[in-house]
Every structure is written in structure tokens, then in C-alpha cells.
Amino acid sequence: MAEPEEDEEDNAAALEQLMAQAGRALQWQELEEQFCVLAELGSGTYGHVVLTEPRDGGSPVVLKLMLKERTERRAFLREYCIARCLSGHAACIHALPLAFENSTHFAFGQELAPAGDLCNLLTPGEGLPEVLVKRCASQLAEALDFMHSRALVHRDVKLDNVLLFDHECRRVKLADFGLTRLQGSEIGAMSGALPYAPPELCLLQGSDTLELDSSLDVWAFAVLLFCLCTGCFPWAVAASPDPQFEAFSAWQGDTVGRGAPESWGGFECGAQEMLQRLLRLDPDRRSPAIEVRKYLALPWLRAPRSRDRTDGTDGLGAVDGDGHGGGDGDAHGVVDGGPQSPLAQGCTGSGDDGECGDGSYGEGNSMPTTPASAMALCH
Ligand SMILES: Nc1ncnc2c1ncn2[C@@H]1O[C@H](COP(=O)(O)OP(=O)(O)OP(=O)(O)O)[C@@H](O)[C@H]1O
């Protein structure tokens, strides 16, 4: 059997080979000559994502345009090749065999996710109905399991990078493989602390590095699930002296069973256990993402909201007329500390001891605003 280092070298060599092939095949093409740009779907650090119509007919195509002045050729080829490799999975966005460059941009084609991303759907401070959260959880777990089985670590699991094909989350896909790297790669400290980053990454300083592992995605996935359930981040940063993170760490290490911190009180026992296992402080002890499947049949949230079905079955009840679950259509909302919903109340709990199994969390719980919940959920 091959040693892990040999596997890593083989994977790295295979990716290099794909990138070299893609680089040789890359054509020079002016965007406007071939495509009519219909709309901008999003923009990020490296460029824009636009909906286009090919001038010679055919279905609309999404193009991810990356500014050459901000994108190295290798980085573009890596993202394109990884996206193509993952295209075979139902829960990974499908990248088309279409890539080109011109004087200003690199570009590659993708299928259209007609309902935008998870930021469109989430009402800050409120969270989604449990049935929708579970649909997202199960599909994203499959996507991550697929990536991790191929030694790829996404490294940017967040609400903005989960694309929707309908407003009921029956089909969601993981996207944006710009930061994806092979397991075992050395990664450095981040410039800005992100709420999705695990403690081992938040601890890195200066020129410290970390060997990339799938457990990093698992942590971010669990933070994303918390956001979907509550409309709040569990903490601003997974490091001291963040008070929410410190309370969570104490709970994780608690041997005397003092119960969940306030912000975890709205989760049912099974969901608390699941999230604790995905958020083990020691990355070696973190569960794989696919473990969420074991918890899908259990209830996750204690305070059912009026727009939730109480039986937790797969027939979604009322979602607003626009299908956005009560949002105002602004894709990038902010948790503003204003009036909180019952789910958000469930998020910080009742101030009760948070013990599992007492079923004492109702809709009347007070919801203190926390620094973490006052952060922008999406960018
Ligand atoms: N295939 C698609 N269909 C519909 N919308 C899309 C698609 N791809 C991307 N978008 C939209 O564009 C946004 C930015 O896309 P993407 O994350 O790939 O770009 P990025 O430049 O890597 O962004 P960031 O720097 O924030 O990571 C997404 O959050 C989403 O709203």
C-alpha cells in the first residue's frame, strides 16, 4: 500500500498535469465577440461572475471572469481544473469545458444556479426552517465527502459559496474552488480572522504554517449549519478572548455536565451532539462531514417557528411569496441586533441550564444580542 506522502505526491502530479493540459488548450477570445452579457451575478476578490448568452445561440452560460492583474495564470488553471474534476458530483457546481483568456481576464464557464446563493435565502438573526437546513446539510455533506475522498480541501466553505437551484433547497451545490488545495499542502496564517476558521488556523501567527486537512472544512461546515439554524454566527473568531468561543470551548471540555452555553440552548440534544462532534477543538477528533447523515432523522431545533412544519418532514410549509423565507431580497444582509425571531431566540437559549432532553425551550425566550450576532453574515 502506498504511503500517504506518496499519495500526496501522486495527487499533486496529477493536478499539475491537468493544469498543463488546460493551459495548452486555453484559447484567446474576446468576451463581447462571443457572448452577450445579460447580468452580473456576483463579484468577489478576483473578478466578476456574469450571466451571458452565446452570440451563436445556445443556452445561457455563467462565466467566472478573473482579472489578470489579480490572478496568476496558475491560480486560474488550478481553480478551473479542480472545478472540472468535481463537476461529476451532483452537489458540486458544474464547470463547463469552456475556458479562455484575453488581455484583461481569464474566464471559465459554469452552469447557472438560478436561485443565487444561501445569503439570498437567509434572514439575518432568524435562520431557515429546519427542513431546509437539513436539505442543505445532507447535500453539502455529500459534496464535502466527495472532495475529501479525492484529497481536496475546499477551504472556503461559507454561505456565499453554496449555490441554490430552487428556494426550498431541494438542490444546492458547493461552488468557488478558488482556495481549494490538496490535503497535506502547507497553508499560512490568514490576513483577516474569519468566523468560519477553526481554532488551529486562528492560532497561526507570522510565518507559521499548518498542514491542510479536511477537518478544516468540517469546522467551517458546522459554523455554516449554525448560521443556517440561527441566522447568527456562533462567534466572531474561534480564539480567546472571544466570549462565545470561550463559552463553547468550556462546554466542549466540560466533564461535569453543566450544559450548553446560552447560544446553543435552542438546539435539540441530537443537534448539539452533532455540532459538538463536528466542532471538536482537536482537529484529529473532528467527525467527518458525512456524519451529519446520522442525525437527519432527529429533531434539530427546539423552538418551532410558525413557518416550520412541526413534524420535520420533507414538505415545506409556508415560504414567502418570493420564496425567500421573509427576506427583503437583499442578498447580503446584516444581523442588526433588532427584533429577534423565535429561532434566533432559540439560538441563544433561555438562560436555562441548557440540559438536553428537558424540552423547556419555548417561543418566549429572551434573546440577548451578542457581538457575534452583530456581524455581517455575508460579504
Ligand atoms: N454558477 C453560478 N450561478 C449563479 N450565481 C453564481 C454562480 N457562480 C457564482 N455566483 C454568484 O457569484 C458570487 C461570487 O462567486 P464566486 O464565489 O465564485 O467568486 P469569487 O470571486 O471567488 O468570490 P469570493 O472572492 O467572495 O470568494 C457567488 O457568491 C454567487 O452569488
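Numbering of ligands and ligand atoms starts at 1, following listing order. Predicted model, so just to flag it, every value in this text is computed and none were measured.
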Would you check, one step at a time, whether the test salt bridge (Lys or Arg N to Asp or Glu O under 4.0 Å) holds for Arg55 with Glu33? CA-CA 8 Å; Arg55 293 205 187 272; Glu33 274 174 21; over 6 Å; no
Of the backbone atoms (N, CA, C, O) and the side-chain heavy atoms from C-beta on, which set of Leu163 has a member under 4.0 Å from an atom of ligand 1: side chain, backbone, both, or neither? side chain
If you count the atoms of ligand 1 from 1 in the order shown, which ones are under 4.0 Å from a heavy atom of Asp176? 16 (P), 17 (O), 18 (O), 20 (P), 22 (O), 23 (O), 24 (P), 27 (O)
Would a line drawn from the ring center of Phe233 to the ring center of Tyr196 be shorter than 6.0 Å? yes
Purely on distance, is any nitrogen or oxygen of Asp117 under 3.5 Å from one on ligand 1? yes
Only heavy atoms of Asn161, strictly under 4.0 Å: list the atoms of ligand 1 that pass. 17 (O)
Leu41 heavy atoms within 4.0 Å reach ligand 1 at atoms 4 (C), 5 (N), 11 (C), 12 (O), 31 (O)
Could you tell me whether Arg74 and Glu79 make a salt bridge, using a distance below 4.0 angstrom between a side-chain N and a carboxylate O? no
Considering only heavy atoms of Asp156, which atoms of ligand 1 have at least one such atom less than 4.0 Å away? 27 (O)
Where the closest heavy atom to atom 4 (C) of ligand 1 is concerned, which of Ala115, Ala113, Pro114 has it? Ala113
Side chain to side chain contact (heavy atoms under 4.5 Å, CB included) partner of Thr52, chosen from Leu112, Leu63, Leu65: Leu63
Output the distance between atom CD (Gln110) and atom NZ (Lys64), rounded to the nearest 0.5 Å. 6.5 Å
Which ligand 1 atoms are under 4.0 Å away from a heavy-atom of Gly42? 12 (O), 13 (C)
Any idea which part of Val62 is under 4.0 Å from ligand 1, heavy-atom wise: side chain, backbone, both or neither? side chain
Between Trp235 and Trp219, is the ring centre distance below 6.0 Å? yes
Which of parallel (below 30°), tilted (30 to 60°) and perpendicular (above 60°) describes Phe267 and Trp264? tilted
List the residues meeting salt bridge (Lys or Arg N to Asp or Glu O under 4.0 Å) with Asp217, not counting sequence neighbours, and say none if there are none. none
Please identify which atoms of ligand 1 are closer than 4.0 Å to at least one heavy atom of Asp160. 28 (C), 29 (O)
4.0 Å heavy-atom contact, His48 with ligand 1: no
Heavy-atom contacts under 4.0 Å between Met66 and ligand 1: side chain, backbone, both, or neither? neither
